**Q** 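Could you have a look at this structure, given as structure tokens, before my questions?
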Amino acid sequence: MSEQRLQAATQSAFRGRIGVATVDITPPVGIYARNWGAAKHDVADSIHRRLTLNALVLYSEDSDQPLIFLDADLGWWRSLVMFNRFQSRLLQELGLTETDLIFGLSHTHATPPLTDPDPDLPDSESLADYLEMVYQACVVVVNAARENVSEAVLEWKTGQCQLASMRDLPDPSTETDRIICGWNPEEPADDTLVIGRVTDVDGNLKAVIVNYACHPTTMAWENTAISPDYPGAMRDTISEALGVPALFMQGASGDLSPRYQYVGDTEVADRHGRQLAYAALATLEDMEPVGTCLEYQGVMESGAPLAVWRHAEVKPSGLLKALKSKVTLPLKDWPSAEELELQRQACTDRALEERLRRRRNIRRGIGDGETLAVPIWVWRMGETILVGSPTEAYSILQKELRRRFPERTIVCLNLINGTTGYLAPAELYDLDLYQVWQTPFERGGLEIMIDGMADAIEQITEV
């Protein structure tokens, strides 16, 4: 091993002007909040934990145009048309371009759906008022984060957490190729946890960022409360321990979820959240002091020849770049939105009717073409790369990108800036699998997306 290698930094860092802010977006009790086909209720009757909307604002030292990440305790956008309308208004209000803003969702399944009011949904007229409240909260939290911007350092460290499990299980009750959605104890899950630490120039902690891939599906059809699922307790546990906000970035979790899930007991979600928080806190404790790395100093001869390492100052990078690109994916030959709506109206099964409603909403958003140009966002913060799309990609996406770019910290995001559908590996399209029949994307979409993201990362890392 060369001397130069032994002087390498152990974590990646960006220095610029950084601001963080948090607001409450908890809806009122009584709002429409059905997200499960098996649910017998339509409206929420209590609050488990508050929902939060968090803003991270990044400026390079020589620019007045920020990059803004919004992190919301919300589920998924039921229509791209609806999100595009929301996004357009927000960009105009904040004076941003599409490249500058990422709206991320925690993907909890226990909040009001992000959808327009529907006369077929009980009490859904409250959804328009709630969405407007979320919009106004976006404006407030971004302005608050801009106001508290200061010189700071954002450093990243990779750890592990055992919360996520593989959730594609061959149905043990049949001899068919049916795959059911739940814990498969025979398949290992991606346990990668990426932590961001924001500190001011004096070393005072300002915020923690948790990037982890795991579906928040703890709270399911028996739950009647508004709940952030496990990200809620994760945020609160970290904030109580450190006195700073905790932001969440949902990773490529299309095939990942807690092994114990689908319950109505909120304590289970809290336990999951504490598990992730403790793993995050352990990773934070494993980080070097702000702006330093361990540097090899030489040998001290003792009872044994001892390798001596000491902390040395590292100058964080001030490089901040953003890129919005598109990856064209093939679409399935689905019925039109009008045909799907007719099927839904004729359906008498509550669970199947919910599936048809979701498929109709997806079809309305993607249109009737044979392909869809799916946007991707790539941000470079020093040597760290943040990359994501509005899809729900399988975890192989983040594993493959990290394999292709081992010298960089890769932060992967699902469900940003809208919602389209799952991206599952091509070989799974021969199976009876929810993520395959739910998605509008044809076989090969995941592999095309991986290559497209890799190309975009290559582009943004060119010196």
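The structure displayed is predicted, hence computed values, not measured ones. When reading the values below, keep in mind they use all heavy atoms of this one structure, side chains included, and skip hydrogens, waters and symmetry mates.
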**Q** Are His41 and Trp221 an aromatic pair by the rule of ring centers under 6.0 Å?
**A**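 No; Trp221 has its ring centre 6.0 Å or more from that of His41.
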
**Q** Can you list every pair that meets ring-ring contact (aromatic ring centres under 6.0 Å, His included) and has a residue in residues 80-101, with sequence neighbours left out?
**A**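 Found Trp77-Phe83, Trp77-Phe86, Phe86-Phe103, Phe86-Tyr135.
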
**Q** Given Glu98, which of Asn417, Asn84, Leu91 fulfils the side chain to side chain contact (heavy atoms under 4.5 Å, CB included) condition?
**A**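 The residue from Asn417, Asn84, Leu91 that satisfies side chain to side chain contact (heavy atoms under 4.5 Å, CB included) with Glu98 turns out to be Leu91.
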
**Q** Apply side chain to side chain contact (heavy atoms under 4.5 Å, CB included) to the pair Asn414 and Trp76, showing each step before the final yes or no.
**A** CA-CA 10 Å; Asn414 269 2; Trp76 63 97; over 6 Å; no

**Q** Salt bridge or not between Glu267 and Arg271? Use side-chain N to carboxylate O under 4.0 Å.
**A**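 Salt bridge absent between Glu267 and Arg271.
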
**Q** Hey, mind stepping through Val201 and Val153 against side chain to side chain contact (heavy atoms under 4.5 Å, CB included) and telling me if it holds?
**A** CA-CA 7 Å; Val201 292; Val153 177; 5.6 Å; no

**Q** Strictly by salt bridge (Lys or Arg N to Asp or Glu O under 4.0 Å), give each pair with a member in residues 406-418 just once, sequence neighbours left out.
**A**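 Only Glu383-Arg408 qualify under salt bridge (Lys or Arg N to Asp or Glu O under 4.0 Å).
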
**Q** Donor-acceptor check, side chain of Tyr260 to backbone of Val268, threshold 3.5 angstrom: yes or no?
**A**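 Checked: no pair found.
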
**Q** What distance do Arg274 atom CZ and Leu281 atom CG have between them, rounded to the nearest 0.5 Å?
**A**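 So the gap between those two atoms works out to 13.0 Å.
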
**Q** Write down the atom of Ala164, the atom of Ala189, and the distance for their closest heavy-atom approach.
**A**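 Nearest heavy atoms, Ala164 then Ala189: O-CB, 3.6 Å.
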
**Q** Pick one: which of Asn54, Asp71, Thr52 meets side-chain hydrogen bond (donor to acceptor under 3.5 Å, both in side chains) with Thr22?
**A**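 Only match with Thr22 under side-chain hydrogen bond (donor to acceptor under 3.5 Å, both in side chains): Asn54.
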
**Q** Write out all pairs satisfying ring-ring contact (aromatic ring centres under 6.0 Å, His included) with one or both partners inside residues 375-422, taking only residues at least two apart or from two chains.
**A**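 Qualifying pairs, neighbours excluded: Tyr422-Tyr434.
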
**Q** What verdict does the salt bridge (charged side-chain N to carboxylate O under 4.0 Å, His left out) test give for Arg17 and Asp64, after you've listed the backbone C-alpha separation in whole Å, the side-chain angles of each residue and the deciding distance to 0.1 Å?
**A** CA-CA 10 Å; Arg17 291 175 292 142; Asp64 291 327; 3.7 Å; yes

**Q** Check this for me, if you would: do Arg404 and Glu458 make a salt bridge, where the nitrogen-to-carboxylate-oxygen distance has to be below 4.0 angstrom?
**A**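 Looking at Glu458 together with Arg404, the answer is no, because their closest N to O distance does not fall below 4.0 Å.
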
**Q** Show your reasoning for whether side chain to side chain donor-acceptor pair (under 3.5 Å) applies to Ser227 and Asp229.
**A** CA-CA 5 Å; Ser227 173; Asp229 208 286; 5.4 Å; no

**Q** Where is the tightest heavy-atom contact between Leu446 and Ala393, given as atom of each residue plus distance?
**A**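 Closest heavy-atom pair between Leu446 and Ala393: CD1-CB, 4.2 Å.
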
**Q** Lys399: which residues meet the side-chain contact (heavy atoms from CB on, under 4.5 Å) condition with it, sequence neighbours left out?
**A**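 Lys399 satisfies side-chain contact (heavy atoms from CB on, under 4.5 Å) with Asp190, Ser395, Ile396 only.
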
**Q** Return each pair, listed once, that meets salt bridge (Lys or Arg N to Asp or Glu O under 4.0 Å) where at least one residue sits in residues 236-254; pairs must be two or more places apart or across chains.
**A**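 Qualifying pairs, neighbours excluded: Arg49-Asp236.
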
**Q** List for me each residue that meets salt bridge (charged side-chain N to carboxylate O under 4.0 Å, His left out) alongside Asp255, sequence neighbours excluded, and say none if there are none.
**A**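 Testing Asp255 for salt bridge (charged side-chain N to carboxylate O under 4.0 Å, His left out), a comparison that skips the adjacent residues, returns none.
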
